[in-house]
Number of protein chains: 2
Amino acid sequence: MLKLTRKTEYALIALSHMQRFTPKNLISTKELAKLYQLPVELLAKTLQQLAQAEILEAVKGAYGGYKIKTPLEQINMTEFFEVLEGEVGLTDCHTNTDCSQKNLCNIKTPMQKINKKMRTFFDEISLKEVVGN
Amino acid sequence: MLKLTRKTEYALIALSHMQRFTPKNLISTKELAKLYQLPVELLAKTLQQLAQAEILEAVKGAYGGYKIKTPLEQINMTEFFEVLEGEVGLTDCHTNTDCSQKNLCNIKTPMQKINKKMRTFFDEISLKEVVGN
DNA sequence: TTAAATACGATAAATTTTGTCGGAATTAAA
DNA sequence: TTTAATTCCGACAAAATTTATCGTATTTAA
Ligand code: SF4
Ligand code: SF4
């Protein structure tokens with residue numbers, strides 16, 4: 001509960017590296033996986049997602065790889081999380097229709113407020129800040 | 001990721017009810033479970049945990065049940081979450097020793113800061129606020 | 001004495017996360 | 001033109017966590 005998933009951590013580790021060491025150059029999944037002992041395939045998918053979201057730029061083919069596309073100062077944690085995981089919030093009453101408590105639930109309304117607060121909280125933290133340096 | 005567990009939601013639903021309808025009187029697990037269609041056994045354990053933490057007062061035996069012991073304004077979400085789940089934080093580098101990345105990890109330090117920030121965030125939300133009314 | 005309740009531990013089922021596999025498309029370089 | 005290194009994508013398997021259930025002991029008011 002409230003923990004990041006491994007996937008998200010791997011993404012942060014990769015971004016941190018790129019930011020520090022290869023901001024202008026490409027780096028491949030394989031290389032990153034080796035450097036930080038991450039499972040290649042999972043990291044691969046993660047980076048692909050970041051590329052789709054245009055956080056990274058992907059270059060295919062031999063000698064290809066990834067580099068940061070959008071400056072990390074310009075991306076906030078809410079956006080970032082929502083690229084990799086679903087919507088940010090402690091509950092998913094809105095999106096998720098299949099909560100069997102829904103009708104009887106007496107905390108729906110206050111939870112909506114907390115969810116908004118939490119989004120705001122993560123809105124105010126930039127990816128740069130998390131990735132450090 | 002970032003979602004409450006069912007257990008925590010059940011706890012909130014129960015507390016919300018007690019706060020509104022039985023602040024002075026006892027209510028049993030069974031009754032609560034029936035009212036909100038919650039699985040009795042899981043709710044039972046949850047309430048037991050809250051009783052251990054002195055958030056609830058438990059009265060054993062026939063005609064027993066639970067009622068709120070500590071005013072909900074006096075309990076913050078960090079405390080509350082930590083009664084039911086583990087430590088609040090996006091990562092568990094500190095407590096958890098078995099992260100294989102630990103040595104190589106390049107986001108440990110910034111993550112510590114974010115974790116602190118998050119604790120502060122939840123420190124500032126009282127249980128009363130979440131439970132509504 | 002009985003019935004209704006909390007307390008606790010073990011276990012099973014379901015779900016989610018994590019990791020793996022196989023192959024397709026792309027492209028720089030030999 | 002071929003090869004090797006890469007991104008890309010979907011399906012699957014394994015592991016971990018969450019959720020639900022069961023059995024039994026203890027407490028206590030009636
Ligand atoms: S309706 Fe209530 S129980 Fe269902 S997800 Fe929303 S807050 Fe949780
Ligand atoms: S050491 Fe790094 S990878 Fe491990 S839990 Fe902490 S932040 Fe996550």
Side-chain angles (χ1 to χ4, degrees), chain A residues 1-11 13-14 18 22 25-34 36-67 69 81 84-86 90-92 96 98-101, chain B residues 1-11 13-14 18 22 25-34 36-67 69 81 84-86 90-92 96 98-101:
Chain A
M1 178 200 167
L2 298 182
K3 292 276 174 296
L4 296 184
T5 61
R6 236 61 187 118
K7 192 170 75 167
T8 303
E9 288 205 313
Y10 297 164
I13 290 173
M18 293 185 204
T22 61
N25 305 13
L26 296 173
I27 185 167
S28 73
T29 306
K30 209 173 151 190
E31 232 175 318
L32 279 166
K34 201 169 207 176
Y36 296 96
Q37 313 255 45
L38 310 174
V40 238
E41 288 91 350
L42 186 50
L43 179 61
K45 271 196 215 167
T46 308
L47 298 179
Q48 281 161 35
Q49 281 187 273
L50 296 180
Q52 273 194 320
E54 311 213 48
I55 291 172
L56 292 181
E57 182 188 328
V59 174
K60 294 185 200 174
Y63 293 76
Y66 297 95
K67 67 175 173 180
K69 184 170 187 184
F81 287 156
L84 296 174
E85 321 284 336
L90 297 175
T91 59
D92 35 30
N96 195 353
D98 63 352
C99 171
S100 52
Q101 270 75 40
Chain B
M1 176 202 168
L2 298 181
K3 292 276 174 294
L4 296 184
T5 61
R6 234 63 186 118
K7 192 169 75 169
T8 304
E9 288 206 312
Y10 297 164
I13 289 173
M18 294 185 202
T22 62
N25 306 12
L26 296 173
I27 184 167
S28 73
T29 307
K30 209 172 151 190
E31 231 174 319
L32 279 167
K34 201 170 207 176
Y36 297 95
Q37 312 256 43
L38 309 175
V40 237
E41 287 92 351
L42 186 49
L43 179 62
K45 271 199 212 163
T46 308
L47 298 179
Q48 281 161 34
Q49 280 186 273
L50 296 181
Q52 272 194 319
E54 310 213 50
I55 292 172
L56 292 181
E57 182 187 329
V59 175
K60 294 185 200 175
Y63 293 75
Y66 297 95
K67 68 174 174 180
K69 184 170 188 183
F81 287 155
L84 296 174
E85 320 283 337
L90 297 175
T91 58
D92 34 30
N96 193 353
D98 63 352
C99 171
S100 52
Q101 270 76 40

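The structure displayed is predicted, hence computed values, not measured ones. Chain letters run A, B, ... following the sequence lines, proteins first and then strands; every chain starts at 1.
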Expressed in angstrom and rounded to an integer, what is the separation of [X] atom [atom1] from [N] atom [atom2]?
X: Q49(A); N: dT17(C); atom1: CD; atom2: P; value: 12 Å
X: L47(A); N: dT6(D); atom1: CG; atom2: C1'; value: 13 Å
X: Y66(B); N: dA4(C); atom1: OH; atom2: P; value: 17 Å
X: L4(B); N: dT18(D); atom1: CG; atom2: P; value: 12 Å
X: L42(B); N: dA10(C); atom1: CG; atom2: C1'; value: 15 Å
X: E9(B); N: dA20(D); atom1: CD; atom2: P; value: 11 Å
X: D92(B); N: dT17(D); atom1: CG; atom2: P; value: 10 Å
X: L56(B); N: dA7(C); atom1: CG; atom2: P; value: 10 Å

Counting distance alone, no hydrogens or angles: does the base of dT20(C) have a donor or acceptor under 3.5 Å from a partner atom on the side chain of K45(A)?
yes
Under the 3.5 Å rule, do the base of dA7(C) and the side chain of Q48(B) count as making a donor-acceptor pair?
yes
Residue whose closest nucleotide on DNA chain D lies nearer the 5' end, V59(B) versus K30(A)
K30(A)
Closer to the 5' end of DNA chain D via nearest nucleotide, is it A44(A) or A62(A)?
A62(A)
Establish, with yes or no, whether the OP1 or OP2 oxygen of dT27(D) is under 4.0 angstrom from a side-chain nitrogen or oxygen of Y63(B).
no
Looking only at side-chain N and O atoms, does T29(A) come under 4.0 Å of OP1 or OP2 in dT7(D)?
yes
Which atom pair, heavy atoms only, marks the closest approach of A14(B) to L32(B)?
CB-CD1, 4.0 Å
By nearest-nucleotide position on DNA chain C, the 5'-leaning member of I27(B) and G61(A) is I27(B)
Flag the pair E31(A) and K34(A) as a salt bridge only when some basic side-chain nitrogen lies within less than 4.0 angstrom of an acidic carboxylate oxygen.
no
Give the nucleotide from the list dC8(D), dT27(D), dT20(C) with an atom nearest to the side chain of A51(A).
dC8(D)
Do T8(A) and K3(A) have side-chain heavy atoms sitting under 4.5 Å apart?
no
Can you find a heavy atom in the side chain of N25(A) that is under 4.5 Å from one in the side chain of K67(A)?
no
Checking the side chain of E57(B) only, and the main-chain atoms of Y66(B) only, is there a donor and an acceptor separated by less than 3.5 Å?
no
